[in-house]
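Side chains included, hydrogens not; waters and symmetry mates left out as well; all remaining heavy atoms used. To find a chain, count down the sequence lines: A is the first, B the second, and so on, and within it residues start at 1.
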Amino acid sequence: MLAAIRSATLFGVEGRPVTVEVHVATGLPSFQIVGLPDEACRESRDRVRAAVLSSGLVWPASRVTVNLAPSSQRKGGSGLDLAIAIGLLAASQQVHPDSVDGLGFLGEVGLDGSLRGVAGVAPMVAALGSGVRPVVPSASAREAQGVAGDAVRVAGTLRQLVDALNAEAPWPEPPDNDLVDDIVPLPDLADVSGQAAARTALEVAAAGGHHLLLVGPPGSGKTMLAQRLPGLLPPLDAAIALEATMVHSAAGVRLPPGGLVRVPPFRAPHHSSSMVSLVGGGGTTLRPGEISLAHGGVLFLDELGEFAPVVLDGMRQPLEEGVIRLARARASASMPARFLLVAATNPCPCGGGPPGNCECDEAARLRYLRRLSGPLLDRFDLRVPVHRPDVDDLLASGGGESTALVAARVAAARQRSMDRIGMLTAHIPPAQMDALAPLDPDARALLRAELEADRLTGRGYHRVRRVARTLADLRGDELVGEANVAMALQLRVRLRVTSRGFAA
Amino acid sequence: MSALPPEAYAAALAGLPAMTVHRLGALLRHHQPELAWQVALGSAAPQGLMRKVMADPATRAAIVRQANAASPEQTWRRCEALGSEVLVSGSARYPSLLAADPLPPPVLFALGSLDLLEGRRVAIVGTRNATAAGREAARSLGEGLAHAGVHVLSGLARGIDGCAHRGVLSAGGAGRPLGVVASGLDVVYPREHRDLWRSVADGGLLLSEVPPGVTPQPFRFPLRNRIVAALAEVVVVVESRERGGSLLTANEALDRNVPVMAVPGNPTNRAAAGSNALLRDGAAPVLDAGDVLVALQLDHRWANASAATERRRPPSRDERVVYDIVRHEPRTLEGVALAAGLELVDVAVRLGRLEIAGWVSQADGWFEVVGSPAP
Ligand SMILES: [Zn+2]
């Protein structure tokens, strides 16, 4: 007796449809899986057998062959367990064969017969197609509903599922979706006292899409500032939200209520992170990395200089293109990775401080900056000093503006930029700078003086102009004026390398 | 071999790592250079203090091994190629200032004009990690002294030392730069001082007590400082840390009854902690080159206002508000805005203009004043 069950597997952040064909025939009892399963997939046999037996069902004393089609594509993980179990039960007549028509089964089975969620349910549900009702473990209900809505069927155990398929019990209700404890409020900018320059930098970064480097000693609040950037960004639009949801699902990260990632994500990988965890890859299924999890939001790299240079180097291509392409011997995948990069670093090994405070010797300082100036330093439009505020300053400055207030200005500036030039200012190509971000004469004179004094490199020049344009958008200025350029220059601090030279 | 002058052997001896100043002094006091070399090779019997030194088997082995690996001929050829003069203590050309010193360099290597040691001499020393204000003070002191015909001694280190000599060179006055270094005269350290090094040798005097080819070793820097102190009539410390090397120079100067003066720094400036401590201990303050000239009893107050200061556009009234805040102590952008009660962007515009005019400099987000405009 043969049963064919619809299911799907995950590759990168994409689901791919798979048909699980289970053939139960007379002969010596055996169990074989064919069709390029990986190790986890091959272990299905043991899980499925234990689950079937502990659910009070019968393991057929027959020759069982499981074929995963199409056979050309490698299948990974434990997500096919449920389909294999149902296929086996249908082929051995324990589940009515007609009952599985029009259904697709996703999920892992536990030895005790429970159904367990797996990573990537959202893209796998999408891969089943619109004519198929997905059946998923209760734990994955939210992810599946984000894609397929009310068509989703859930079950908590294999027994429940079999009873529902055989119409001996009603389908279990999906768990209540909007659990209050899931809603974590974003940190508010109003909690940050002082730090006027860094606040401005966050606003500019959000409004123009500029990557931001925060330079300051430990304890100056760099992390606190970075965490407040996602709150300034607009909610993800429908297309990006779907992409971000697929990535989160594929990585096994819990999805928010409603199953769709709408709030710009904030990811802060540690500097000891491996290449695979940061940019993705590894295993048969090519898991998404932190840069993809940050898609649509913010990737925060604290202590930038401590990241392995090879890892930072691996981020250059995605920073350029907004997607990460991973190629493996058998397959290649591309995953979305368009994020705002925020990094933080000390100015020098001792943390620096006011002039004369630093006690590092020149060579150590130089080595430190050389680590920084590797692959990524030239990606930052904004390079902003963050100082440990002193008590007087804190008292004088009082509380700052709230996230809501600043986010409204950011949204207006982004709209202005999209209306006028059809892109965020960070993406203005150098060749179109004069056309898309014209300067008034005073602004031009200031920039020329900076170039002549060797305080600005050619690359720095374009970055300052883009930032000045964003500042103009935030103020609603038509032309970029001297004030915009002067402020942009202050948001691109020079790092002292020696007593005379500066890092560009 | 026999064509080599005695200085060649003295030069080679000065390059042996095991040959301390005391040992070399004793060796050359009791032996002619060529015989001293034979002693170092282990093929002649030592006299005087060296008898005790060479009696220690480990020391003897080290000296003999190093001497056998060295070549007086090669050292001499390097000196000749470089144009360096080799002065052995006790010889006619050896500077009398050093001959009278408690710890004179037994062998001295010189590039440039030794006659400059007959002129008036002030040492300017300080930290390598100086603030912009400190560097500007060193530069303008060097410039002012050179204008008044005073030679400026320094160690050619980064920071204060280098700035003082740059000031001297930019003045183009009768005062010349005198540099004392811890490495061989052909081993430029720090490397970014290559041009400065060259200019000092060409337009002034460069001295070392080790032969060409010797790389800088940490233990040689304090020894170099004693020569700076021995050659100076006054030592001016511009910015020194609490336990900075320039305080060692000041101590060497005090041991030799050479007056020590210091440029006052802001109490919060850690780079000036050592020089401020000197002031508290009674060192005379230096506000400009005139104060040093008074100490030298060259009390014709020399025509003030350096050329560089005059060339700058004076700050506007708006800019002045911001300048005065930064002059008080280094500030950040938001620090200035809070103190001035101005919007960030207004401060940014004013600081930008001040920086272009050259009144303010910025590094790591901190603003400092550079020089002072007429009130
Ligand atoms: Zn430091």
**Q** Heavy atoms only: give me the nearest B:R241-A:N357 pair and the separation to one decimal.
**A**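 Minimum heavy-atom contact is NH1-O, 4.2 Å.
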**Q** If we define contacts as heavy-atom pairs under 4.5 Å, which of B:G162, B:G352, B:P190, B:A348 has the most with chain A?
**A**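 The candidate making the most pairs under 4.5 Å is B:A348.
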**Q** Does the pair B:E334/A:R199 count as a salt bridge with the N-to-O cut at 4.0 Å?
**A**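 No, B:E334 and A:R199 are not salt-bridged.
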**Q** Closest approach of A:C358 and B:N129, non-hydrogen atoms and distance?
**A**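 Taking every non-hydrogen atom into account, O-ND2, 3.6 Å.
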**Q** Heavy-atom distance under 4.5 Å to chain B: side chain of A:C360, backbone, both or neither?
**A**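 Contact with chain B is through the backbone of A:C360 alone.
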**Q** Distance check, rounded to the nearest 0.5 Å: B:L351 atom CG versus A:Q490 atom CD?
**A** 6.0 Å
**Q** Is it the case that atom CD in A:E306 sees more than 12 heavy atoms from other parts of the structure closer than 6.0 Å?
**A** yes
**Q** Shorter than 4.5 Å, heavy atoms on both sides: which option in B:N266, B:L333, B:T127 has the most such pairs with chain A?
**A**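 It is B:L333.
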**Q** Out of curiosity, A:L489 CG to B:Q362 CD, how far, rounded to the nearest 0.5 Å?
**A**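 It is 10.0 Å, given to the nearest 0.5 Å.
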**Q** With side chains defined as the heavy atoms from C-beta onward, is the minimum distance between A:E452 and B:I356 less than 4.5 Å?
**A** no
**Q** Which pair of non-hydrogen atoms, one from B:D364 and one from A:V493, has the smallest distance, and what is that distance?
**A**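 Taking B:D364 first and A:V493 second, the nearest heavy atoms are C-CG2, 3.6 Å.
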**Q** Out of A:M487, A:E450, A:H387, return the one with the most heavy atom pairs under 4.5 angstrom to chain B.
**A** A:H387
**Q** Is chain B contacted by the side chain of A:L446, its backbone, both, or neither, given a heavy-atom distance below 4.5 Å?
**A**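 Both backbone and side chain of A:L446 come within 4.5 Å of chain B.
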**Q** Given that the side chain runs from C-beta out, which part of B:E355 has a heavy atom under 4.5 Å from chain A: side chain, backbone, both or neither?
**A**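 Both the backbone and the side chain of B:E355 come within 4.5 Å of chain A.
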**Q** Is the shortest heavy-atom distance from the side chain of A:E482 to the side chain of B:R353 under 4.5 Å?
**A**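 Yes; the side chains approach each other to less than 4.5 Å.
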